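Because the structure is predicted, anything quoted here is derived from the model rather than measured.
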Amino acid sequence: MDGTNGSTQSHFILLGFSDRPHLERVLFVVILVAYLLTLVGNSTIILVSRLDSRLHTPMYFFLTHLSFLDLSFTTSSIPQLLHNLSGRDKTISYVGCVVQLFLFLGLGGVECLLLAVMAYDRFVAVCKPLHYMTIMHPQLCLGLVSVAWGCGMANSLVMSPVTQRLPCCGHNKVDHFLCEMPALIRMACVNTVAIEGTVFVLAVGIVLSPLVFILVSYGHIVRAVFRIQSSSGRHRIFNTCGSHLTVVSLFYGNIIYMYMQPGSRSSQDQGKFLTLFYNIVTPLLNPLIYTLRNKEVKGAPRRLLLGNRKGGKE
């Protein structure tokens, strides 16, 4: 964000929840515990998916990337938030703000696309089970993940500079707990209609297009499920697809509300809590959702422990 005379701000002040000092203490404890659980949960998913040979399938390959993405996404902003909540210092350097904005937009875009890739994986598994391993070969899986990461980060390379170049006329107080795009747009001292229009168009491409693809994929999956005669087969499909659909609902419910109406039209306080939910609660719940609904993941730690014990006895 540029200053009044074209110079760059040296730092910003993240107001966050500073108008509620008593709430800050409670939030610090709750967010710290949630952050630690997020680190443990997603790290466990990554480890068991890598170590258990039964989980070396396309579905768990994508789940590993989702867990790594959640770890990166949460870590890009939560440590700074905890620092701000723990004392009076609410500042963040200009470089730190730029990096935070880039990672927040980039990793959010990657998750949109990765969830679409996971929907395609479920579509092939349910609608073309006999050809699943032929279609979802390792090269394709790696290619799909690479496209998701590349497009998500490229989108951020476009959206971040657009936001950073807005003049803020010397204002350096961000009414948020992180350098997030709608909050930075609100700081601008110029008309932002054109910028908001650009953001909306890019959001349609990176947010709504994957969502449409996910809905179409699940439309085909639902049709295929109704053709299955076996109740156990239906139950198994509902378990795996239900986990993914729950994650999609949590993720998209928040991101559409926030980014399809940027700037001053959205409630600032409501936006803070929605961003907090999107930033810490969703990454915390993702491992639980996949673990509770999936017997293979729940049994993986036990198999690994029993395998290690047998190996030690031998």
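- When each of N279, L14, L27 is checked for a side chain to side chain contact (heavy atoms under 4.5 Å, CB included) with F177, only N279 meets the rule.
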Stepwise side chain to side chain contact (heavy atoms under 4.5 Å, CB included) test for I289 and L250: CA-CA 11 Å; I289 292 167; L250 284 171; 3.7 Å; yes
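- Taken to the nearest 0.5 Å, the OG atom of S43 stands 10.5 Å off from the CZ atom of F68.
- Taking the six-membered ring where the residue is Trp, Y278 and F251 present tilted rings, their angle falling between 30° and 60°.
- Using modelled atom types, one side-chain atom of S209 and one backbone atom of V204 make a donor-acceptor pair closer than 3.5 Å.
- In the hydrophobic clustering of this structure, V147 does not group with L140; members are Ile, Leu, Val, Met, Phe, Trp, Tyr whose side-chain heavy atoms approach within less than 4.5 Å, directly or through other members.
- With hydrogens and angles disregarded, a donor-acceptor distance shorter than 3.5 Å links the side chain of H56 to the backbone of R50.
- Expressed to the nearest 0.5 Å, how far CD of Q80 lies from SG of C179 amounts to 8.0 Å.
- Here the closest non-hydrogen pair linking C151 and I206 is O-CD1, 4.2 Å.
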L276 and L81: side chain to side chain contact (heavy atoms under 4.5 Å, CB included), yes or no, with the steps? CA-CA 10 Å; L276 188 61; L81 172 59; 3.8 Å; yes
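- In this structure, Y35 has no ring pair (Phe, Tyr, Trp, His ring centres under 6.0 Å) partners at least two apart in sequence or on a different chain.
- Of the possible donor and acceptor atoms, none in the side chain of T192 sits under 3.5 Å from a partner among the backbone N and O of I195.
- Aromatic pair H65/F61: ring centres closer than 6.0 Å.
- In this structure, I45 and S67 approach most closely via the heavy-atom pair CG2-OG, 3.1 Å.
- Minimum interatomic distance between M187 and N172 (heavy atoms only, all atoms of both residues): CE-CA, 4.0 Å.
- No side-chain heavy atom of V40 sits under 4.5 Å from any side-chain heavy atom of L37.
- Residue L184 holds its CG atom at 9.0 Å from CZ of R186, rounded to the nearest 0.5 Å.
- L157 is connected to L103 through a chain of hydrophobic side-chain contacts under 4.5 Å among Ile, Leu, Val, Met, Phe, Trp and Tyr, so both are in one cluster.
- Side-chain heavy atoms closer than 4.5 Å link hydrophobic residues (I, L, V, M, F, W, Y) into clusters, and following such links, possibly through other members, connects V207 to F277.
- Taken to the nearest 0.5 Å, the CG atom of L107 stands 10.0 Å off from the OG1 atom of T75.
- With hydrogens and angles disregarded, no donor-acceptor distance shorter than 3.5 Å links the side chain of S76 to the backbone of F104.
- Residues M136 and F62 meet the side-chain proximity criterion, which asks for heavy atoms closer than 4.5 Å.
- L142 is listed as a side-chain neighbour of S146, based on a closest heavy-atom distance under 4.5 Å.
- Nearest heavy-atom pair across G106 and M153 is CA-SD, 3.9 Å.
- Partners of F28 according to the ring pair (Phe, Tyr, Trp, His ring centres under 6.0 Å) rule, which considers only residues two or more places apart in sequence or in another chain, do not exist here.
- No path of Ile, Leu, Val, Met, Phe, Trp and Tyr side chains, each step under 4.5 Å between heavy atoms, connects I13 with L178, placing them in separate hydrophobic clusters.
- Heavy-atom minimum distance, A183 versus V174: CB-CG1, 3.9 Å.
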Under the criterion side chain to side chain contact (heavy atoms under 4.5 Å, CB included), I'd like the reasoning laid out for T198 against M159: C-alpha separation, chi angles, the key distance, then a yes or no. CA-CA 9 Å; T198 303; M159 295 176 79; over 6 Å; no
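- Here the CG atom belonging to L208 is positioned 11.0 Å from the CD1 atom belonging to I214, to the nearest 0.5 angstrom.
- In this structure, N155 and L202 approach most closely via the heavy-atom pair OD1-CB, 4.0 Å.
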Distance-only criterion, 3.5 Å: show the donor-acceptor pairs between side-chain atoms of residues 112-133 and protein atoms not counting sequence neighbours.
| residue | atom | partner | partner atom | Å |
| --- | --- | --- | --- | --- |
| D121 | OD1 | Y132 | OH | 2.5 |

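- Hydrophobic clustering, with ILVMFWY side chains joined whenever heavy atoms are under 4.5 angstrom apart, groups M181 together with V158.
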Candidate pair V248 and H244, rule side chain to side chain contact (heavy atoms under 4.5 Å, CB included), full reasoning: CA-CA 6 Å; V248 168; H244 181 248; 3.7 Å; yes
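- To the nearest 0.5 Å, atom CD1 of residue I92 and atom CG of residue N84 are 7.5 Å apart.
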